[in-house]
Number of protein chains: 2
Amino acid sequence: MSERPDRIPEWCRGEEWCSVTATASLLGRKWKPVIVDRLLKNGACGFSELEGLINGISGKALSNNLKELEEDEIVNRSVISERPYRVEYALTDRGRDLEPLIVAMREWGSAHFGPDSKKDNP
Amino acid sequence: MSERPDRIPEWCRGEEWCSVTATASLLGRKWKPVIVDRLLKNGACGFSELEGLINGISGKALSNNLKELEEDEIVNRSVISERPYRVEYALTDRGRDLEPLIVAMREWGSAHFGPDSKKDNP
DNA sequence: CGGTATCCGGCAGGATACTG
DNA sequence: CAGTATCCTGCCGGATACCG
């Protein structure tokens with residue numbers, strides 16, 4: 001498949017300052033980072049399993065986002081068994097490389113809005 | 001202002017697995033991480049200056065995103081001078097705390113789509 | 001179980017023109 | 001310079017119903 005997913009803008013080529021734009025183009029949606037987070041923590045998941053792990057997501061949104069993540073080679077989908085029908089979504093290498101990014105999101109989020117976030121002057 | 005911006009969903013409260021959702025709610029848009037990236041690299045900027053640093057953004061999008069980032073206490077806006085009219089956007093402490101996250105985005109982006117990204121087997 | 005089809009609303013964001 | 005106003009588009013995503 002393509003080295004450069006269509007989701008990354010055409011004008012965004014190589015320049016160092018473009019890398020954030022490129023990343024934001026692939027992950028900058030409501031659910032994508034959360035999906036990657038759950039796959040990092042739980043390993044490969046089935047569809048409904050993933051749905052259960054993500055509070056508030058609708059089946060359609062999950063389906064669409066998984067499809068795009070697959071196109072962008074962040075997630076890999078494989079059929080595990082035919083009867084009963086079982087599918088598994090797992091991170092690719094590229095997807096696993098997102099771990100530091102997701103960890104940074106977790107930390108920033110819980111530092112500022114989490115259970116033990118310190119107010120202005122603790 | 002509010003500890004928990006409205007943009008973070010109501011059901012997202014404290015639980016550790018919510019921190020990614022919370023962060024995605026605040027930054028998970030097309031331009032926000034890019035804006036933070038530019039402010040990190042260039043320091044405080046005026047409006048047009050920032051517009052020039054961000055390839056492809058429209059004035060309206062920049063205006064809207066800055067307003068939201070300000071509401072979420074990630075960016076601070078201050079009027080520098082009245083004649084000529086000058087404004088400056090700078091990161092708050094909370095905004096500066098995003099640096100590791102933005103750095104992770106830069107690194108993932110340039111590793112996978114950047115000028116010197118290695119193909120599958122270098 | 002693992003989705004797709006359809007309908008539908010909202011909002012993000014582009015273009016352009018205009019203001020103080 | 002630093003925006004706002006308006007118009008208009010497309011996509012995102014929720015709800016629901018249905019399929020193999």
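Fair warning: this is a prediction, and the values are worked out from it, not measured in the lab.
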- [ ] Using whole Å, report how far CD of A:Glu70 lies from P of C:dG2.
- [x] 15 Å
Open item on the list: Of the listed nucleotides (D:dG3, C:dG13, C:dG3), which one gets closest to any side-chain atom of A:Ser63?
Closed with: C:dG3
TODO: Please state how far atom CD1 in B:Ile57 lies from atom P in C:dG13, giving the value in whole angstrom units.
DONE: 8 Å
- [ ] Determine whether more than 12 heavy atoms belonging to other residues, nucleotides or ligands lie under 6.0 Å from atom CD of A:Glu99.
- [x] no
Task: Nucleotide C:dG3, atom P - distance to CZ of A:Arg86 in whole Å - done: 10 Å
Task: Shortest side-chain distance from B:Ser48, nucleotide among C:dG2, D:dA2, C:dT6 - done: D:dA2
Open item on the list: Nearest heavy atom decides the nucleotide; on that basis, is A:Asn65 or B:Glu88 closer to the 5' end of DNA chain D?
Closed with: B:Glu88
Open item on the list: Using the side-chain heavy atoms of A:Lys60, tell me which of these nucleotides is nearest: D:dG3, C:dG14, C:dC7.
Closed with: C:dC7
Open item on the list: Strictly below 4.0 Å: does A:Lys30 bring a side-chain N or O up to OP1 or OP2 of D:dG14?
Closed with: yes
Task: A:Arg94 and B:Phe113, any side-chain heavy atoms less than 4.5 Å apart - done: yes
Task: Residue-phosphate contact under 4.0 Å: B:Arg77 side-chain N/O, D:dG3 OP1/OP2 - done: yes
TODO: Measure from OH on B:Tyr85 to P on D:dG3 and round the result to the nearest Å.
DONE: 6 Å
- [ ] State whether the side chain of A:Asp37 and the backbone N or O of A:Pro33 hold a donor-acceptor pair below 3.5 Å, judged by distance alone.
- [x] no
Task: Rounded interatomic separation in angstrom, taking CD1 from A:Ile54 and P from D:dG13 - done: 12 Å
TODO: Just call it for B:Lys32: base, sugar-phosphate, or nothing, with non-hydrogen atoms closer than 4.0 Å on any strand.
DONE: nothing
- [ ] Check whether any side-chain heavy atom of B:Asn55 sits under 4.5 Å from a side-chain heavy atom of A:Thr21, and report yes or no.
- [x] no
Open item on the list: On the nucleotide D:dC12, are OP1 or OP2 found under 4.0 Å from the side-chain N or O atoms that B:Arg29 carries?
Closed with: no
Task: Nearest-Å distance for atom pair CZ/C1', residues A:Arg7 and D:dC12 - done: 13 Å
Open item on the list: Rounding to an integer number of Å, can you tell me how far A:Ile80 CD1 sits from C:dG3 C1'?
Closed with: 16 Å
Open item on the list: Side chain of B:Phe47 only, heavy atoms from C-beta on: which candidate in D:dG13, D:dG3, C:dG2 is closest?
Closed with: D:dG3
Open item on the list: Could you check whether any side-chain heavy atom of A:Leu98 comes within less than 4.5 Å of a side-chain heavy atom of A:Leu101, counting everything from C-beta outward?
Closed with: yes
Task: Atom-pair distance (CG on A:Leu69; P on D:dC12), nearest Å - done: 12 Å
Task: Nearest listed nucleotide, side chain of A:Tyr89, among C:dC1, C:dG3, D:dG3 - done: C:dG3
